[in-house]
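Quick notes on the structure that follows.
Every heavy atom of this structure was used, including side-chain atoms; hydrogens, water molecules and symmetry mates were not. Throughout, protein chains are lettered first and strands after them, A, B, ... in sequence-line order, and every chain is numbered starting at 1.
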Amino acid sequence: MKRNLNEHVLETLSKCNHLNHLKQLQGYLTTLGHAHTHFYAFKLLRFCALTLSNLSYAHLIFHHHPSPNTHLFTAIITAYAAHPANHPSVLILFRHMLRSQSTRPNQFIFPHALKACPDSCAVDSLHAQIVKSGFLHYPVVQTALVDSYSKVSGGLRNAKKVFDEMSERNVVSFTAMVSGFARVGDVESAVRVFDEMPERDVPSWNALIAGCTQNGAFSQGIELFRRMIWECNRPNGVTVVCALSACGHTGMLQLGRWIHGYVSKNGFVLDSFVSNALVDMYGKCGSLGNARKVFGMNPEKGLTSWNSMINCFALHGQSDSAIAVFEQMVGWGGGMRPDEITFIGLLNACTHGGLVEQGYRYFEMMGQEYGIEPRIEHYGCLIDLLGRAGRFDEALEVVNGMSMEPDEVVWGSLLNGCKVHGRSDLAEFAAKKLVEIDPHNGGYGIMLANVYGELGQWDEVRNLWRTLKQQKSYKIPGCSWIEVDDQVHQFYSLDKSNPKTEELYGVLESLFGFRNEVIVDL
DNA sequence: CTAGGGTTAG
């Protein structure tokens, strides 16, 4: 009879597709006096959390149980661990579990609890708990510990320590270590760990490639991408997203197109991640038509999709298109709620299109209609907008009214506007602020020196240059790339080593009507 | 029942 009941319950459960069905089953079990039988409560809870995605009812089942056992704790903790927003609850439940006499943690709970740790103290205490419970020798638990340490701030040293002391390191633990180093920007160490790995799979390649692209090492990321294919590891969607990001940042349209082809030919699911990455790549490489095409074909446009499309148009000064996309995004077509990134794009679009009033309106709209507090980035955009338009009184008013300290971008934008409009007096003020914020940045020193030059204050110029030389602070030359006819051309500011220097400056002169101190191809 | 990888931003 017991066996029949089990089968009956499981079968009924598998046919549940609504919470009411589950409640009926629950009522049935209650009449039989089995509502709190651990096995059934566990099955109901898991079904509720995983299949019905109803966390609150799952919690109710757990909460109403008079004596939850380890299985029930595991089930509810697993359910909460799946959503970062519920991570605090995971730790509360875990502590609850430790306090109750009848339940001991098993090795399966620790990875979930570790995932929920917000800081290195929390990981430390779990680490101690793992040792105490005798689970430290499980490779999966060790790996979770490495990963968790490497994700909290200041935990990398401990991550490395646990990693070094592991008895059986495998491809997963190595990968956790690679992304740990990448997360703190230590690409070199990430590469070293990667090279030491006895075997590599797709996620390990992805960890390193992502590490490169997230730290600005785009060429290195692309090199690794090529090597990955060369060594017969098939890239997946994650790889492709990282590689496309690198293509966008370096202007490698050709490779970007090739990746697009690769994605289509190999039957990749064109999910939102891949689609957005393509939009961004095409946009950054100046292929706005393709960006728009890929965007249009994405059936489930998310916030990032809309933001990427807006940014594409903003980047190329097509403010009308950017605004049109925004209207569609918040209107009937999209029904989206914009975020702070949306407004950065919009403000940039207005800046590049000279739409000062419109930009101002969007800045106001951000807080009033969407409750988004302006961040320093938004102030940077606004100052840029006002500065380029020569509206310095308003710009200064904004700077003075800011709730936070203005940063380099704010002063830099103001300085830039001053240069365009010949306001050397204000320029001096802004440039001094820049030097104040970062005295060892040679670039700011040179900017200030140039302003003194404008003002004819040659003593100041000489003093500044002397200080700069003493400090050995030199400016890293500005640099950019463009791909023309399959060839990437790299340009450094003020470098005249290219044989076509004269020709290039000639073109610039015909474009601007004066000799501009820009670019040379290397 | 448990461990590693993802896009957009001045």
Side-chain angles (χ1 to χ4, degrees), chain A residues 42 46 50 70-75 77-79 81 105-115 135 138-148 150-151 166 169-180 182-183 197 200-211 213-214 235-246 248-249 271-281 283-284 298 302-312 314-315 339-348 351-352 375-385 407-413 416:
Chain A
F42 172 77
R46 270 185 68 89
L50 297 180
T70 300
H71 282 285
L72 278 175
F73 268 107
T74 311
I77 284 176
T78 307
N106 56 21
Q107 77 266 40
F108 303 113
I109 292 225
F110 283 107
H112 290 304
L114 283 165
K115 209 198 294 235
F135 291 124
Y138 284 95
V140 175
V141 174
Q142 293 172 325
T143 303
L145 201 49
V146 169
D147 185 52
S148 186
S150 80
K151 278 177 178 155
M166 279 180 76
R169 276 169 281 197
N170 61 22
V171 64
V172 181
S173 36
F174 268 101
T175 305
M177 210 54 238
V178 167
S179 51
R183 209 168 287 120
M197 290 178 69
R200 300 175 192 104
D201 60 7
V202 175
S204 21
W205 281 98
N206 288 349
L208 189 61
I209 294 174
T213 56
Q214 284 161 359
N236 64 10
V238 177
T239 327
V240 153
V241 164
C242 298
L244 285 171
S245 164
H249 281 105
D271 64 8
S272 233
F273 270 119
V274 174
S275 169
N276 299 344
L278 279 168
V279 170
D280 174 64
M281 180 279 295
K284 284 208 173 73
N298 182 359
L303 191 52
T304 309
S305 319
W306 293 98
N307 287 350
S308 300
M309 197 64 243
I310 291 173
N311 284 327
C312 286
L315 188 66
D339 69 352
E340 60 273 4
I341 297 174
T342 316
F343 283 97
I344 290 173
L346 263 184
L347 289 170
N348 274 330
T351 301
H352 293 139
R375 297 206 317 221
I376 193 93
E377 288 91 341
H378 300 102
Y379 283 112
C381 295
L382 190 60
I383 301 301
D384 194 20
L385 180 75
D407 68 350
E408 287 113 309
V409 177
V410 170
W411 294 122
S413 301
N416 196 42

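Taking atom CG of residue A/Asp339 and atom P of nucleotide B/dG10, one finds them 13 Å apart after rounding to whole Å. Straight-line distance from the NE2 atom of A/His249 to the C1' atom of B/dT7: 10 Å, rounded to whole Å. We find that CG of A/Asn416 is positioned 14 Å from P of B/dG10, with the value rounded to whole Å. One interatomic measurement links the two molecules: CG of A/Asp280 to P of B/dG6, which rounds to 16 Å at whole-angstrom precision. Across the protein-nucleic acid pair, A/Asp384 atom CG and B/dA9 atom C1' stand 14 Å apart, rounded to whole Å. With rounding to whole Å, A/His352 atom NE2 is found 13 Å from B/dA9 atom P. The separation between A/Ile310 atom CD1 and B/dT7 atom C1' is 15 Å, rounded to whole Å. Between the OH atom of A/Tyr379 and the C1' atom of B/dA9 there is a distance of 17 Å, given to the nearest Å.
Side-chain proximity of A/Ile344 to the nucleotides B/dT8, B/dG4, B/dG10 is greatest for B/dG10. With B/dT7, B/dT2, B/dC1 as the choices, the nucleotide that has an atom nearest any side-chain atom of A/Val241 turns out to be B/dT7. Distance from the side chain of A/Asp407 is smallest to B/dG10 among B/dG6, B/dG10, B/dA9. For A/Asn311, the listed nucleotide lying nearest its side chain is B/dT8; candidates were B/dT7, B/dG10, B/dT8. The side chain of A/Glu377 lies closest to B/dA9 when the candidates are B/dT8, B/dT2, B/dA9. Listed nucleotides B/dG10, B/dT8, B/dG6 differ in distance to A/Cys381; the shortest reach to its side chain belongs to B/dG10. Listed candidates were B/dG10, B/dT8, B/dA3. Nearest to the side chain of A/Pro111 is B/dA3. Here the side chain of A/Val172 is nearest to one of B/dT8, B/dG4, B/dG6, namely B/dG4. Comparing B/dT2, B/dG6, B/dA3 by their closest approach to the side chain of A/Lys115 singles out B/dA3.
For the side chain to side chain contact (heavy atoms under 4.5 Å, CB included) test, residues two or more places apart in sequence or in another chain that qualify with A/His71 are A/Phe42, A/Asn69. The side chain to side chain contact (heavy atoms under 4.5 Å, CB included) check on A/Asp201 picks up A/Val171, A/Pro203, A/Ser204, with sequence neighbours excluded.
One donor-acceptor pair, N or O on each side, does fall under 3.5 Å between the base of B/dG4 and the side chain of A/Asp201. One donor-acceptor pair, N or O on each side, does fall under 3.5 Å between the base of B/dA3 and the side chain of A/Asn170.
Counting any heavy atom pair closer than 4.0 Å across all strands shown, A/Gly237 reaches a base atom. Using a 4.0 Å heavy-atom criterion, one finds that A/Val279 contacts no nucleic acid atom at all. Residue A/Thr143 is in base contact, counting any heavy-atom pair closer than 4.0 Å across all strands shown. The residue A/Val240 sits apart from the nucleic acid: no heavy atom pair falls under 4.0 Å. Here A/Asp271 lies in heavy-atom contact (under 4.0 Å) with a base. No contact: A/Arg169 has no heavy atom under 4.0 Å from any strand. Across all strands shown, A/Ser204 has heavy atoms under 4.0 Å from base atoms, whether or not it also approaches the sugar-phosphate. Note on A/Ser245: only backbone sugar-phosphate atoms sit closer than 4.0 angstrom, heavy atoms only; bases stay farther off. When heavy atoms are screened at a 4.0 angstrom cut-off, A/Gln214 is found touching the sugar-phosphate backbone but no base atom.
Contact check, A/Asn348 against B/dG10: a side-chain N or O comes under 4.0 Å of OP1 or OP2. Of the side-chain N and O atoms in A/Lys284, one or more sit less than 4.0 angstrom from OP1 or OP2 of B/dA9.
The two atoms that bring A/Ser179 and A/Ala207 nearest to each other are CB-CB, 4.2 Å, heavy atoms only. Between A/Ser413 and A/Ile383 the shortest heavy-atom distance is CB-CG2, 4.1 Å.
You'll find the side chain of A/Leu347 reaches within 4.5 Å of the side chain of A/His378, heavy atoms only.
Tested against A/Asn311, the residues A/Val279, A/Ile341, A/Asp280 include a single side-chain contact (heavy atoms from CB on, under 4.5 Å) partner, A/Ile341.
Proximity of a side-chain donor or acceptor of A/Asp147 to a complementary backbone N or O of A/Thr143 within less than 3.5 Å is not detected.
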